[in-house]
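Here is the structure we will look at.
First listed ligand is number 1; within each ligand, the first listed atom is number 1.
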Amino acid sequence: MPKTETVILRELLAREGGWVSGTALAAKLGVSRVAVWQHMERLRAAGFAFEAVRARGYRISARPATLHAPLLEALLRVRTRGFTLQVLDEVDSTNDEVARQLAAGRPAPFAVLARRQTRGKGRLGRVWHSESPVSLYASLGFRPEVEPGRMQTFTLWMGLNLCELLANFTGVEPGIKWPNDIMFGDRKAGGLLTEARIDADRISDLILGIGLNVNPPPRGWPAELASRATTLAEASGQTVDLNRLAAALVGRVLLAYDAFRENRHRDTFGDLWARFDTLRGRTVTLLEGGRRHTGEVRGVDDEGALLLQEGRGPLRRFRAGEVTFEKKPPA
Ligand code: BTN
């Protein structure tokens, strides 16, 4: 059952720019007009603004700039049976929260989003800067029961879906830097962190965490990120509607998950990889377990491993590692 405020917002959004009468809302919800008014007040307190005109009703004139659960639900186009989402004001890490909730038996799939993380995690044990309430910190929990070998492809597939969504959303083409960085040019706009619990050779709990720099952080970037990070707003030249983006992203991840479970991702994976891969043909250094490998990238294999041609040696595959670009020699 959707929450009352989700229903109100759905009605108002369906006629965006138009009016919805308090009487119509009250009838739809089966509550009094006073009760409708009380919900509108709560929505105002959460950052909405409404015009209210006697004999016409209400219409939305402003939406919150930070995540708002009923609005997200109202904007979500994809209907997955039993799917639920939660927006937290603050959490240690949405990935850790999803892991705890999966362990406690919450029915999957579900999503946890937060306005702020106190211990946001990146890949390879790094810290993910999570101080900005106008960025996106989201994790989805699944119980796929597939073999662990498929996890790497899962992350790449989700990264490709994220890139296509962002290309449509911003009108600017992003790229993936293997295995999990979302880039605009040579700056990072986001990343994915997949974690899993494996039982008896099956992935029982799967957590997909997505961090995206959406609008400029109100307090700016920490010095170490200033020259490396970017936001979707910067890439597209426009402020991004965070709730609309988050709803589109959650919907896209749910569809991409179904395709992955049913092995349909194979139909488009190659084309999408060719479109968004930022590494193919470039000379890079891969740091793996303390060793450096320099060579030309030749794409990825079926399991999502990076293919690297080191000089005249054999083509080598790497399942993990950190890629850095070799500086181009002066012309
Ligand atoms: C990376 O690029 O290293 C991956 C970054 C992933 C960050 C997201 S933010 C939401 C989720 N919760 C976390 O603690 N990490 C992921």
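- Side-chain atoms of R202 never come within 3.5 Å of backbone atoms of I198 as a donor-acceptor pair (strictly under, hydrogens ignored).
- Centroid-to-centroid, the aromatic rings of F48 and H68 come within less than 6.0 Å.
- In this structure, ligand 1 sits under 4.0 Å from heavy atoms belonging to S93, T94, N95, Q117, G120, K121, G122, R123, W128, Y137, A138, S139, N180, D181, K188, G191, L192, L193, G209, I210, G211.
- Aromatic ring centres of F110 and F83 lie farther apart than the 6.0 Å criterion allows.
- Contact between V297 and L279 at its shortest, heavy atoms only, is CB-O, 3.4 Å.
- Relative to the ring axis of F260, R150 places its NZ or CZ within 45° and under 6.0 Å from the centre.
- V146 and L206 fall within the same hydrophobic cluster, where Ile, Leu, Val, Met, Phe, Trp and Tyr residues are linked whenever their side-chain heavy atoms come under 4.5 Å apart, directly or through other members.
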